[in-house]
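Chain identifiers are assigned alphabetically (A, B, ...) following the order of the sequence lines, protein sequences preceding nucleic acid strands; residue numbering begins at 1 within each chain. The figures here come from the full heavy-atom set of this structure, side chains too, leaving out hydrogens, waters and symmetry mates.
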Amino acid sequence: MIQYRKKITAVAVTVIATAVFVIYRLFDPAQHSFFPRCPSKLITGLDCPGCGTQRALHAALNGDFAAAFHHNAILFLAIPFLILYVTSSLFKTHLPRLYNATHSTLAAILSLIILIAWWIIRNIFPYTF
Amino acid sequence: MKYWIIINNEQAGPFELEQLSSMPIRPDTPVWHEGLPNWVPAAQVAEIRNLFEAPQQDFAQQQEPDSQQNETNNGDFEEFKPQNNQGYGHQQQQGSYGYQQGNGYPQGNYTYQQKEPTENGEMPKCPDNYLGWAIAATLLCCMPLGIVAIVYASTVKTRYSRGDYEGAVKASDRAQWWIIFSIVLGLLIAPFQVLFSLL
């Protein structure tokens with residue numbers, strides 16, 4: 001039963017990941033309007049910590065990492081962390097220390113601080129980042 | 001280092017330390033490894049204690065004599081008492097495992113009780129803090145609501161290690177709800193933005 005559910009999840013994740021890969025590689029979010037936009041930017045006009053993620057993904061999938069960094073630099077921290085987090089969740093018994101580290105209170109508080117700092121910094125220095 | 005444990009009145013093992021983290025080990029689960037003269041409660045094995053990240057205080061509470069627990073939980077322990085005396089096939093297995101019952105283990109059966117926090121102070125596993133999802137929601141969907149989710153996610157572990165299992169479950173649930181809220185809000189506003197840009 002659980003094996004069945006795990007297989008379905010694995011298939012679903014693969015399908016979604018492939019779709020994301022294909023769509024973001026082919027279409028530039030800046031030029032096509034069917035991509036979702038940021039709610040808080042719509043309301044406040046300020047960049048949120050995640051603004052530019054789609055454009056960054058498009059740039060990175062087309063090989064332009066400098067532009068990706070320019071669109072949203074925090075992704076270069078967030079994505080590796082999330083990869084570690086998901087990997088340690090899936091392989092909890094093989095990677096107990098990694099699991100404890102990524103699921104720790106310290107990790108949560110650090111992410112909070114870094115996200116909020118990033119949010120503030122990118123709005124004060126909009127053209128640097 | 002290989003470890004053996006007794007679960008549900010049956011000896012199991014050998015296991016590596018990392019395998020134990022996914023097993024229903026309680027602080028009073030009998031454990032043996034090479035070098036020990038006899039079985040000891042899991043709480044007394046330092047590396048197992050660290051594996052479960054619970055502070056020493058929690059285990060100490062559970063090793064109080066049963067008389068105290070019976071006084072405070074009268075109603076709940078009524079049904080446990082008969083099991084101590086009858087059908088307690090434990091007696092005959094003591095000889096074969098060589099572990100003694102009189103070492104301060106709480107009396108009672110060793111069946112693992114899942115999910116509900118049981119009345120004898122035992123805590124089930126720590127609920128997931130959904131930190132990864134909270135960060136993703138903050139970055140991708142809606143920042144203010146996602147931040148709230150991260151705040152709740154950060155409290156799950158501290159509440160659990162303080163012994164507040166119910167609080168940890170509540171925090172974990174609230175983190176999940178705020179993640180869902182942020183996704184929903186993002187999905188609701190996205191079409192408006194698309195329409196807005198088309199006008």
* Selection from B:Ala136, B:Pro144, B:Gly186, B:Cys141 maximising heavy-atom pairs under 4.5 Å formed with chain A ->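 Of B:Ala136, B:Pro144, B:Gly186, B:Cys141, B:Cys141 has the most heavy-atom pairs under 4.5 Å with chain A.
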
* To do: Among the options B:Leu188, B:Leu185, B:Leu131, B:Leu187, pick out the one with the most heavy-atom pairs lying under 4.5 Å from chain A.
  => B:Leu131

Could you measure the distance from the [atom1] atom of [X] to the [atom2] atom of [Y]? Nearest 0.5 Å is fine.
| X | Y | atom1 | atom2 | result |
| --- | --- | --- | --- | --- |
| B:Leu139 | A:Cys48 | CG | SG | 7.5 Å |
| A:Thr102 | B:Asn129 | OG1 | CG | 8.5 Å |
| A:Trp118 | B:Thr138 | CH2 | OG1 | 15.0 Å |
| A:Thr93 | B:Leu17 | OG1 | CG | 12.0 Å |
| A:His94 | B:Glu16 | NE2 | CD | 12.0 Å |
| A:Asn100 | B:Lys157 | CG | NZ | 5.0 Å |

* To do: Flag the one option from A:Ile116, A:Ile74, A:Leu82, A:Val86 with the top tally of heavy-atom pairs under 4.5 Å to chain B.
  => A:Leu82

* Asked: Counting a contact as any heavy-atom pair under 4.5 Å apart, which residues of residues 50-68 of chain A contact chain B?
  ->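 A:Gly50, A:Thr53, listed by number.
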
Linked, directly or transitively: [X] and [Y] (ILVMFWY side chains, under 4.5 Å):
| X | Y | answer |
| --- | --- | --- |
| B:Ile48 | B:Ile7 | yes |
| A:Ile113 | A:Leu75 | no |
| B:Leu140 | B:Trp133 | no |
| B:Tyr130 | B:Trp177 | no |
| B:Ile135 | A:Ile120 | yes |

* Which residues satisfy the ring pair (Phe, Tyr, Trp, His ring centres under 6.0 Å) test with A:Trp119, sequence neighbours excluded? ->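 Once residues adjacent in sequence are excluded, A:Trp119 has no partner under the ring pair (Phe, Tyr, Trp, His ring centres under 6.0 Å) criterion.
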
[X] portion near chain B, given a 4.5 angstrom heavy-atom threshold:
| X | result |
| --- | --- |
| A:Ser89 | neither |
| A:Thr105 | both |
| A:Pro96 | side chain |

* With a 4.5 angstrom heavy-atom cut-off, which part of B:Cys126 approaches chain A: side chain, backbone, both or neither? ->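 Looking at B:Cys126, nothing touches chain A.
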
* Do the side chains of A:His103 and B:Asp128 get nearer than 4.5 Å, heavy atoms only? ->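 In short, these two side chains touch, coming nearer than 4.5 Å.
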
* To do: Starting from A:Val11, walk the hydrophobic network (Ile, Leu, Val, Met, Phe, Trp, Tyr; side-chain heavy atoms closer than 4.5 Å) and list everyone else you reach, by chain and number.
  =>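 Grouped by the 4.5 Å side-chain rule, A:Val15 form the rest of the cluster around A:Val11.
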
* How about A:Phe91: does its CZ atom have over 12 heavy atoms from other parts shown lying under 6.0 Å from it? -> no

Do any side-chain atoms of residues 145-156 of chain B form donor-acceptor pairs under 3.5 angstrom with protein atoms, and if so which ones, sequence neighbours left out?
unit_1   : atom_1 : unit_2   : atom_2 : d
B:Ser154 : OG     : B:Val151 : O      : 2.6
B:Thr155 : OG1    : B:Tyr152 : O      : 2.7

